[in-house]
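Heavy atoms only: backbone and side chains are in, while hydrogens, waters and symmetry mates are out. As the structure lists them, so they are numbered: ligands from 1, and atoms in each ligand from 1. What you see is a predicted model, and the numbers here were worked out from it, not measured in a lab.
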Amino acid sequence: MKRRDVVKGGLAALAVGATGLGRLTPAQAQTKMVLKASDVHPLGYPTVESVVRMGKKLDAATSGRLTIQMYPSMQLGGEKEAIEQAQVGALQIARISVGAVGPVVDDVNVFNMPFVFRDSKHMEAVLDGEIGTELLNKITANEKTGLVALGWMNAGSRNIYNSKRPIKTLADLKGLKIRMIGNPLFIDTMNALGGNGVAMGFDQVFSAMQTGVVDGAENNLPSFVAQNHFQVAKYFSMTEHLIIPELLVFSKASWAKLTPDDQALLKKFGREAQLEQRVLWYEAEKTALDKMKEVGTDIVTSIDKQPFRDAVKPVWDKYGAKYAEMTKRIAAVS
Ligand code: GTR
């Protein structure tokens, strides 16, 4: 290997946080890179597992030149921090909820609107079709974001849970303090439903429920179980008020340091991760439900959702106009 290549490789490696140079043949591209990836969920969670698998494929396809180092369980902070770190290139891969991306990329906020999707299958059809591709391209093209969008992931439906009482109707929600993801749209949604929406980081939810700072939160089944929220919230109601997809993004600053071939490889594996995660997702939902039954969570399944849909009309009045066209297109996807 020529000295020039070593210097070039070393500099690029430093820039992406690589741990050093391996033995590279001249035919290989110049750099060995360890791509840092973050997720708020623990190892084994569908989103984490699919990125870990993506890393193994990348490793094999590049003979160890490109690898992924996963930092799960909020080791690098929450989702807001992940976006900021990816924007400056301190982190290469971030798996984040569209809930956290909405405040950065207004176009995707349409997916954060309450009851915008009929169910998870409808959401998948939208993501897999032209709207999904269009929004990924918008995120990547938007100079402000500093992100390259690699793909979508499933996160099921979000449901309200709390430590006080079973929620069957809107009246049951009255006065309960419910933690929401930090996005004004979600606070307005909870307030419109009659609860008191409280914005808070994912890492604080367990202790906030334990100490009574909030009475409850809302999330999908696997998160409720993976974060041990069932230990402090006995009542879980299948309100399905939000169906928020997730995103796999790459730092644009780091992307620019990759060869076009490596970029293509990451896009291909990103797309595959999307499909693999989906399979893992449905398994995780089933496992979580079993666990909830085993620990005695009081699960309310039969909810008349129409009053919930009607109650969020003020949220649609406030935010919906700019997404009117997109909302129509989403509704038309079968
Ligand atoms: C989970 C999601 C996380 C995070 C979390 C939250 O469902 O997978 O990315 O957004 O919800 O409520 O903060």
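- In this structure, N219 counts as a contact residue of ligand 1, since one of its heavy atoms falls inside 4.0 Å of the ligand.
- Under a 4.0 Å heavy-atom criterion, A100 is not in contact with ligand 1.
- Ligand 1 has no atom lying under 4.0 Å from any heavy atom of E218.
- Looking at D317 and K313, a side-chain N of the basic residue comes within less than 4.0 Å of a carboxylate O on the acidic one, giving a salt bridge.
- Distances from ligand 1 to the non-hydrogen atoms of M180 include no value under 4.0 Å.
- Residues H241 and F186 place their aromatic rings such that the two centres sit no closer than 6.0 Å.
- Here's the thing with Y45: none of its N/O atoms is less than 3.5 angstrom from an N/O atom of ligand 1.
- A salt bridge links K121 with E124; the closest basic N to acidic carboxylate O contact falls under 4.0 Å.
- When hydrophobic clusters are built by joining Ile, Leu, Val, Met, Phe, Trp and Tyr residues whose side-chain heavy atoms come closer than 4.5 Å, directly or via intermediates, L289 is grouped together with Y161.
- Atom numbering of ligand 1 starts at 1 in the shown order; those under 4.0 Å from a heavy atom of S97 are 9 (O), 10 (O).
- Near F202, meaning under 4.0 Å from one of its heavy atoms, ligand 1 places the atoms 5 (C), 6 (C), 12 (O), 13 (O).
- Within the set E79, M74, M200, R179, the minimum heavy-atom distance to atom 4 (C) of ligand 1 is found for E79.
- Proximity of the aromatic rings of F111 and F117 is defined here by a centroid distance below 6.0 angstrom, and this criterion is met.
- A salt bridge links R95 with E79: the distance from a Lys NZ or Arg NE/NH1/NH2 to an Asp or Glu carboxylate oxygen falls below 4.0 Å.
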